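The structure displayed is predicted, hence computed values, not measured ones. In what follows, residues are counted from 1 in the order of the sequence shown.
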Amino acid sequence: MAETGDASLGYMGEFWLHDGDALYELVQVKEFDVPTGGSREQVDATHLKSSDWRRDYLSGFYEDSDFEVLLNFRPLSDTDVLLESALKEADVRAFKAVLPENGEPVAQIEGTARCTGYSRGRVTPDGVMEATATFRIVSVDDIEAYVS
């Protein structure tokens, strides 16, 4: 894709989660973090003759990253039931995040994740009920062109 230099809105972005049979698009998603791989721990290996008075580091373990999906909460909807099930089963599930540009899907990120939290938020007299699902990355592919 050519560099346009123009910013874009997240309108028409999508988040999909495997329901046991196939990927299922979560309904009424308001926003989500773009899933990315974790960071790599740096272990200090500095010694008495480290060059140029600089610390030496070795790459250690990967630290898995978390991401959140914020939705309009609709009690007992298929999306609500799926997210509650994903949390209770604590299994690894495939996901797909669709990234738009100017309202058109242009890129996607696929991977696997485990649901580590599902909060149904709070009920207020004049606010939209929202829920937040938290996922921990197990594996994540590079961003690639969108495939429907």
TODO: Would you indicate whether the side-chain heavy atoms of Val98 and Ile109 approach each other to under 4.5 Å?
DONE: no
Open item on the list: Please confirm whether the ring centroid of Tyr118 lies under 6.0 Å from the ring centroid of Phe73.
Closed with: no
Open item on the list: Check Asp91 with Arg114, please: is the shortest side-chain N to carboxylate O separation under 4.0 Å?
Closed with: no
Open item on the list: Between Tyr24 and Phe15, is the ring centroid distance below 6.0 Å?
Closed with: no
TODO: Could you name each residue pair satisfying side-chain hydrogen bond (donor to acceptor under 3.5 Å, both in side chains) that touches residues 120-130, not counting sequence neighbours?
DONE: Lys30-Glu130, Asp80-Arg120, Glu84-Arg120
Task: Euclidean distance, Leu87 CG relative to Thr116 OG1, rounded to 0.5 Å - done: 8.0 Å
Open item on the list: Once rounded to the nearest 0.5 Å, what's the spacing between atom OG of Ser77 and atom CG of Leu26?
Closed with: 9.5 Å
Task: All salt bridge (Lys or Arg N to Asp or Glu O under 4.0 Å) counterparts of Asp19, not counting sequence neighbours - done: none
Task: Exam field: side chain Gln108 to backbone Leu99, donor-acceptor pair closer than 3.5 Å - done: no
Open item on the list: Ignoring hydrogens and geometry beyond distance, is a side-chain donor-acceptor pair present between Asp56 and Thr46 at under 3.5 Å?
Closed with: no
Task: Sidechain-backbone polar pair: Thr79 side chain, Val27 backbone, donor-acceptor under 3.5 Å - done: yes
TODO: Give a yes or no on whether the backbone of Leu17 and the side-chain of Arg93 come within a donor-acceptor separation of less than 3.5 Å.
DONE: no
TODO: Of all the heavy-atom pairs spanning Tyr57 and Gln42, show the shortest one and how long it is.
DONE: CB-OE1, 3.8 Å
TODO: Please answer whether the main-chain N or O of Ala131 pairs with a side-chain N or O of Ser119 as donor and acceptor at a distance below 3.5 Å.
DONE: no
Open item on the list: Using a 6.0 Å cut-off, check whether atom CE of Met129 has over 12 heavy atoms from anything other than its own residue.
Closed with: yes
Open item on the list: When you group the ILVMFWY residues by side-chain heavy-atom contacts below 4.5 Å and let the links chain together, are Phe32 and Ile143 in the same group?
Closed with: yes
Task: Cationic N near anionic O, under 4.0 Å, Asp64 to Arg136 - done: no
- [ ] Any chance you could measure Ser59, atom OG, to Glu41, atom CD, to the nearest 0.5 Å?
- [x] 9.5 Å
- [ ] For Ser139 and Thr112, test the side chains for any donor-to-acceptor distance below 3.5 angstrom and give the result as yes or no.
- [x] yes
Task: Inter-residue atom distance Leu23.CG - Glu14.CD, 0.5 Å rounding - done: 11.0 Å
